[in-house]
Asks: 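This structure is in structure tokens; I'll ask about it shortly.
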2 protein chains.
Amino acid sequence: MAETKKSNLALVAARAGVSVASVSRVLNGGGASEEMTRRVREAAEALGYVPDTSARTLRTGRTDQIALAVADVGNPVYVQMMRTVTSIVGKAGYRLVVSSTGSDPADQIDLLSSLNRGYADGLLLSPLRITADLIAAMRGSRLPIVVIGTLPADVELDNVRADSATGIGLAVEHLVAQDRRRIALVNGPVDTVPGAARLAGYLAAVERFGLTTSSELQVTATGFTYRAGRRATAQLLGQSSPDAIVCANDLLAVAALKELAAAGARVPADVAVVGMDDTDAAELATPSLTSVDLGSAKRAKAAAKLLIRRIQDPDAPVQRLVIAPSLSVRESTQEAA
Amino acid sequence: MAETKKSNLALVAARAGVSVASVSRVLNGGGASEEMTRRVREAAEALGYVPDTSARTLRTGRTDQIALAVADVGNPVYVQMMRTVTSIVGKAGYRLVVSSTGSDPADQIDLLSSLNRGYADGLLLSPLRITADLIAAMRGSRLPIVVIGTLPADVELDNVRADSATGIGLAVEHLVAQDRRRIALVNGPVDTVPGAARLAGYLAAVERFGLTTSSELQVTATGFTYRAGRRATAQLLGQSSPDAIVCANDLLAVAALKELAAAGARVPADVAVVGMDDTDAAELATPSLTSVDLGSAKRAKAAAKLLIRRIQDPDAPVQRLVIAPSLSVRESTQEAA
DNA sequence: ATCGTTCTTAAGAACGTTTTCAACGACGAA
DNA sequence: TTCGTCGTTGAAAACGTTCTTAAGAACGAT
């Protein structure tokens, strides 16, 4: 079996009685005689040789690693993305390095500069908040970056975005078809990219379907988390009585379901609830959650492919993809009042 | 601001008018004059110098990366572990590389051999199945490994294990105190380490509390997933009528809740349900889920610390930690019949 | 005045790989 | 025989860092 001692090309070469260069050639490229190949293979096997990653990286400039920066490992939408990305990059021969940056752009800027230290060949970034500094850092990066999420129009970076507005439109349309008129929004922080998009989408949809809204029908959670969702929903129910709630997130929606149950409201009979992202949590919830599928899996997949392409061809034209949303209808809106 | 061109020590040295060695010394260790320090700092800043990871790794032998191998990124217990580990290793100056191996031991063996290529300084491994080959591979590894989970007694590797038996004992005790007598088990595959432990724990607890069980009260899901849990619970309900169900997993337990609801059974009035791992999913479930906390967060934390310690001191004595379980009581068992 | 001591700096050798370049032999063609 | 060609191999130069070794300067002590 493989030895536990650490070995290198020189050792293999010595044992095989050939030069280091030849060993490298046999193991990587071609151009070697039968005899040579046989002896090298044998020696490598006997010594349990495994090439050293850092030396190879130093020489070739490739790390075979791709970094994925997510704001919160606990958010099911990131879990979904991780799953997709892992599989795509793995197939292409890359390892995935997951960095959990906080929601603070400063963390992401740190990440970018350490990226340039060369521990990855490219970065998938899904920033919650976008600041001028972050954009500058992205522009200044030597390495390819693909952004999952919306970017300002003048930033010439590959990115794959969701279409929140259309997605929320689908949800509102579905709710209006059930004669729901007092449609509330439980949003995440509006200074985040998704938060802002959700709010805009909500307002547009309300207008398009001739509904009215008011500040009492709109609450903002302090984060995209379950606990924040509980608090925000409690506040909402204290100040108005909606017949439907659109949430910026499945986690927020599950929180809304719980809070409604605690308040004695029936879902969907009294209040319908719609989540967003269509993650596993939507199916697991009770009642199961109607959710706007913003295509997170598709986005992650597209982004990963885009990044791999760009790594291979740095001069390819910039691509901006928009993934179309769809609505997964489940129990939380099913039996209309 | 930082240049986008790639720079190296030689460039910085040239600009500062000093030697490469001096630049390295200023940037890393101490031992440099005021003047030297000033000039080097200035030049480094101006050139936007960032040290190259692979070169440093090649020279020092350290990668500052720690690998975490998980069987399924989607399982909330792994999410919890990732979150904990990320924070611990991050604080210690390591990056986390997450590798999603399947449940197949072969994947993990591959991972081990690529580990020895030197892309990480150590590995956190939480294997579902343990085979002789996997153990051999772990023994043969040059790099430190800490196993999260139970290992055969004769394997001299650091590890942190849960105490399923005691944990299930807590659950059963809690159920028995409510006069539940027909306690069923929805388990995961028994050829996995956790599956086997859960089954043994269940049988021991049943015996200890003088209950009876039968094959009709025990079902085995094909995996630790929601869908498998639905199928297994459906089967269970078809062949017996338990007044309590202990599940090997929160995901399985949520599935049981859903299946019970579909079958028209009230929880906890008719049937109590207990999950395991006490993940976020337990709190999000409806009704919220009583769950055995097997200390996954603590285990992950302890394992990460153990690994960091071993990296720093390879000759430290082997440690085997057992994390004590506890029971988080919630609605799914609260209002006893 | 000479010698050791201490401090600062520079030169250069690794680390292990890939890859260029030249050398060498064999072999067919002239 | 002689020359060019081709395929196979080895020597050596990178890649960018850290760290050892040594050289030089400054300085106090003998």
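A quick note: this is a predicted structure, and the numbers were derived from the prediction, not measured. Per chain, numbering begins at 1; letters A, B, ... match sequence-line order.
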Asks: How close or far is atom C1' of C:dT17 from atom CG of A:L9, stated in whole angstroms?
Replies: 6 Å
Asks: Does D:dT9 have OP1 or OP2 under 4.0 Å away from a side-chain N or O of A:S33?
Replies: yes
Asks: Quick check: closest heavy atoms across B:A16 and B:A43, and the distance to 0.1 Å?
Replies: CB-CB, 3.9 Å
Asks: Rounded off to whole Å, could you give me the CD-to-C1' distance for the A:E35 and D:dT8 pair?
Replies: 13 Å
Asks: Do you know the tightest heavy-atom contact between B:L9 and B:S24?
Replies: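 So the two residues come closest at CD1-CB, 4.1 Å.
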Asks: Is there a donor-acceptor contact under 3.5 Å linking the side chains of A:T53 and A:R56?
Replies: no
Asks: B:V20 has a side chain; which of D:dT9, D:dT18, C:dT17 sits nearest to it?
Replies: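 Given the options D:dT9, D:dT18, C:dT17, the side chain of B:V20 is closest to D:dT18.
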Asks: When you check the phosphate oxygens OP1 and OP2 of D:dT9, does a side-chain N or O of A:S19 lie under 4.0 Å from one of them?
Replies: no
Asks: Starting the side chain at C-beta, find the nucleotide from C:dT19, D:dT17, C:dT17 nearest to B:D52.
Replies: D:dT17
Asks: Would you say C:dT18 has OP1 or OP2 under 4.0 Å from some side-chain N or O of A:N28?
Replies: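 Result: yes.
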Asks: Which atom names give the shortest non-hydrogen contact between A:R129 and A:P189, and what distance separates them?
Replies: NH2-CB, 4.0 Å
Asks: Quickly work out the A:Y119 OH to D:dT17 P distance and round it to whole Å.
Replies: 18 Å
Asks: Kindly point out which of C:dT18, D:dT18, D:dC19 is positioned nearest to the side chain of B:A21?
Replies: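 Nucleotide nearest to B:A21's side chain: D:dC19.
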Asks: In this structure, how many angstroms lie between the C1' atom of D:dT18 and the CZ atom of B:R59, rounded?
Replies: 4 Å
Asks: Looking only at side-chain atoms of A:Y49, point me to the closest of C:dT9, C:dT17, C:dC15.
Replies: C:dT17
Asks: In whole angstrom, give the distance that lies between atom CZ of A:R39 and atom C1' of D:dT9.
Replies: 12 Å
Asks: Could you point out which residue of A:L11, A:V23, A:L27 forms a side-chain contact (heavy atoms from CB on, under 4.5 Å) with A:Y49?
Replies: A:L27
Asks: What is the separation between atom CG on B:L27 and atom C1' on D:dT17, rounded to the nearest whole Å?
Replies: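 The answer, rounded to whole Å, is 12 Å.
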Asks: Closest nucleotide of DNA chain C for A:S22 versus for B:V18: which of these residues is on the 5' side?
Replies: B:V18
Asks: Figure out the CE/P separation between B:M36 and C:dT9, and round it to whole Å.
Replies: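 Answer to the nearest Å: 4 Å.
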Asks: Once you apply a heavy-atom cut-off of 4.0 Å, does B:A10 come out as touching a base, just sugar-phosphate, or nothing?
Replies: nothing
Asks: Suppose we call a contact any N or O donor and acceptor under 3.5 Å apart; does that hold for the side chain of A:R25 and the base of D:dG10?
Replies: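 Per atom types, the contact qualifies.
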Asks: Report the distance from atom CG of A:L58 to atom P of D:dA14, rounded to the nearest whole Å.
Replies: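 Rounded to whole Å, this separation is 14 Å.
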Asks: Which listed nucleotide (C:dT18, C:dA10, C:dG16) is nearest to the side chain of A:T60?
Replies: C:dT18
